[in-house]
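Here's the structure we're looking at; comments come further down.
The chains referred to below are lettered A, B, ... by the order of the sequence lines, with proteins before strands, and numbering in each begins at 1.
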2 protein chains.
Amino acid sequence: METARDLFVLEGYQHVTMRQVAKSLGYSHGSLYYHFKNKAELFYSLVVKDFGLLNETLDKILNEDKDADVENKLKRILLGYIEFGIRHPNHYRIMFLIQDDDLQNALQQEPNLTYEKLASALHTLCGSKVTPMIVWSLFLSLHGFVAHYCGHPEQTYEDVKGMAEAHVSFLMKGLH
Amino acid sequence: METARDLFVLEGYQHVTMRQVAKSLGYSHGSLYYHFKNKAELFYSLVVKDFGLLNETLDKILNEDKDADVENKLKRILLGYIEFGIRHPNHYRIMFLIQDDDLQNALQQEPNLTYEKLASALHTLCGSKVTPMIVWSLFLSLHGFVAHYCGHPEQTYEDVKGMAEAHVSFLMKGLH
DNA sequence: ACTCTATTTGAACAACGGTCAATTAATGGA
DNA sequence: TCCATTAATTGACCGTTGTTCAAATAGAGT
């Protein structure tokens, strides 16, 4: 899985072949199918594991500085989501963007869980001031930012950080 | 191209094979390569052509009722973008979502032109009240909505119309 | 009829994901 | 140590894909 991840992070789901992974390991490509049902399941298991980092990040922000400025925390939550997506474009693509039947079957409801995590964070921070509809809009707007820059992975998070902050500021204006 | 479009609208870029298109036409698959450099170029030319509909829609909204309520027009522009994307998910995917080297080469700057169209419409309506950064955020937020529902094409525009209106309302709150 | 170009054909290629019978390695008990 | 059972690996094989290309055919103009 580590070998697969290295290739995957570098080249993306579509470009990495099972034969490549096997060759990097010094194994035959047939052996991979003894451990994983298919290509989708191999990379899916990677992505789910690594998405734990996003959950951790969101939790960390929520739990530190219990009485800190809510606005600031909210901003960091939203920016945290964007940063994770842009720093792991191939992971994000598998989770939310790639259209593939095997992948859809493997993913099941993992994307939903990620959304629920973000939604509950927003609810914790803002209480009932934000309706479910607004949370959904907020998520889709963050998603749009990440989805776009996932298609331009030559731009690092540092490159787009300013834009991300402006985007988040824009979105937060819709919360009042 | 019409034959290709019918298949393409129904099944999407990845699922339509050159052999399928040729068979539907009663031709051999090799002949397609006399007219189009590759698969990407064939479907790209389709999509660019059909995207003209979006431009027309935006122009139509801009030009009718010269003195109508700006807020209302703006709302219809943003909704128009969403509606086009959701009614033509496969077109939208090719233009903005699919990751494919041949496709990227074929697309060149067509996606940019679509964005410019929307941006200039917003600028015409709102003047200098909206900064380029806000226009960009607005676009990315619309994009997020469309991108998400492009992954769930079983939902028609009618199904998500209410959500789209709520999303647009949310975004417009960020303009004041 | 002949020539030149436009078009079509289908075999061939390389690469892919995936399958599977055969083989080899590892394990644990007698 | 031997053996039986399981775990793991192999590589040939399949069907499908996008793409190429020499050869065949069709069409148009002279």
Side-chain angles (χ1 to χ4, degrees), chain A residues 1-49 89-91 93-95 97-108 110 151 153, chain B residues 1-49 89-91 93-95 97-108 110 151 153:
Chain A
M1 281 176 67
E2 286 175 24
T3 302
R5 178 169 53 228
D6 291 346
L7 289 171
F8 167 69
V9 165
L10 215 62
E11 317 198 32
Y13 179 72
Q14 328 254 19
H15 288 79
V16 178
T17 72
M18 296 298 265
R19 283 168 170 83
Q20 248 181 74
V21 175
K23 195 173 184 179
S24 289
L25 284 165
Y27 281 63
S28 138
H29 70 273
S31 72
L32 299 181
Y33 291 89
Y34 180 78
H35 302 276
F36 299 94
K37 188 162 102 247
N38 53 31
K39 182 182 178 183
E41 209 204 42
L42 165 56
F43 290 99
Y44 148 81
S45 60
L46 276 187
V47 166
V48 167
K49 204 175 156 196
N90 288 316
H91 288 73
R93 260 198 289 271
I94 278 217
M95 198 66 118
L97 258 19
I98 286 181
Q99 197 82 358
D100 179 295
D101 294 340
D102 289 333
L103 222 48
Q104 304 279 6
N105 288 343
L107 277 171
Q108 307 235 9
E110 293 293 338
Chain B
M1 282 176 67
E2 288 174 22
T3 303
R5 179 168 54 226
D6 291 347
L7 289 171
F8 167 69
V9 165
L10 215 61
E11 317 199 32
Y13 178 73
Q14 327 255 19
H15 287 79
V16 178
T17 72
M18 297 299 265
R19 284 168 171 84
Q20 249 180 71
V21 175
K23 194 172 185 179
S24 289
L25 283 165
Y27 280 63
S28 139
H29 66 273
S31 71
L32 299 181
Y33 290 88
Y34 180 77
H35 302 277
F36 300 93
K37 187 163 103 247
N38 53 30
K39 182 182 178 182
E41 210 202 41
L42 165 56
F43 290 99
Y44 148 81
S45 60
L46 277 186
V47 165
V48 167
K49 203 174 158 196
N90 287 317
H91 287 72
R93 260 199 289 270
I94 277 217
M95 197 65 117
L97 258 19
I98 287 182
Q99 196 81 357
D100 180 294
D101 295 339
D102 289 333
L103 222 50
Q104 306 277 7
N105 289 342
L107 276 172
Q108 307 228 13
E110 292 294 337

If you count every heavy atom of other residues, nucleotides or ligands that lies below 6.0 Å from A:Phe36 atom CZ, does the total exceed 12?
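For A:Phe36, atom CZ is crowded (more than 12 foreign heavy atoms under 6.0 Å).
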Residue B:Met18, side-chain atoms from C-beta onward, closest of D:dG18, D:dT9, C:dG17:
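It is D:dG18.
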Indicate, with a heavy-atom threshold strictly under 4.0 Å, whether B:Thr17 touches base, sugar-phosphate, or nothing.
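Touches sugar-phosphate only.
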Within the structure shown, what part of the strands sits under 4.0 Å from A:Val21 by heavy-atom distance: base, sugar-phosphate, or nothing?
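Nothing: the residue A:Val21, judged by heavy atoms under 4.0 Å, touches no strand.
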To the nearest Å, how far apart are [X] [atom1] and [N] [atom2]?
| X | N | atom1 | atom2 | value |
| --- | --- | --- | --- | --- |
| B:Phe36 | C:dT7 | CZ | C1' | 14 Å |
| B:Glu11 | D:dT17 | CD | P | 11 Å |
| A:Glu41 | C:dG18 | CD | C1' | 14 Å |
| A:Leu42 | C:dG18 | CG | C1' | 14 Å |
| B:Leu32 | D:dC21 | CG | P | 17 Å |
| B:Leu25 | C:dT9 | CG | P | 10 Å |
| B:Asp101 | D:dT19 | CG | P | 12 Å |
| A:Lys39 | C:dA15 | NZ | P | 15 Å |

Measure the shortest side-chain to side-chain distance between [X] and [Y] over non-hydrogen atoms and say whether it is less than 4.5 angstrom.
| X | Y | result |
| --- | --- | --- |
| B:Glu110 | B:Val47 | no |
| B:Met18 | B:Tyr33 | yes |
| B:Ile94 | B:Tyr44 | no |
| A:Leu32 | A:Leu25 | yes |

What is the ring orientation for A:Phe43 with A:Phe8, classed by angle as parallel under 30°, tilted 30 to 60°, or perpendicular over 60°?
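Ring orientation, 0 to 90° scale: tilted.
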Does B:Tyr33 put a side-chain nitrogen or oxygen below 4.0 Å from OP1 or OP2 of D:dT20?
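So the side chain of B:Tyr33 is outside the cut-off, no N or O lying under 4.0 Å from OP1 or OP2 of D:dT20.
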Check whether any side-chain N or O of A:Tyr34 sits under 4.0 Å from OP1 or OP2 of D:dT9, and answer yes or no.
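No, no such contact exists.
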Helical bend (five base pairs per end, nearest 10°) for the helix from C:dA1-D:dT30 to C:dG29-D:dC2:
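End-to-end axis angle: 10°.
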Classify the side chain of A:His29 and the base of C:dG17 as holding, or not holding, a donor-acceptor pair under 3.5 Å.
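By the distance-only test, no, there is no pair.
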Return the 5'-most residue of the pair A:Lys37, B:His35 with respect to DNA chain C, ranking by each residue's nearest nucleotide.
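Between the two, 5'-proximity favours B:His35.
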Does A:Asp102 offer a backbone N or O that forms a donor-acceptor pair with the side chain of A:Lys39 under 3.5 Å?
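Answer holds: no.
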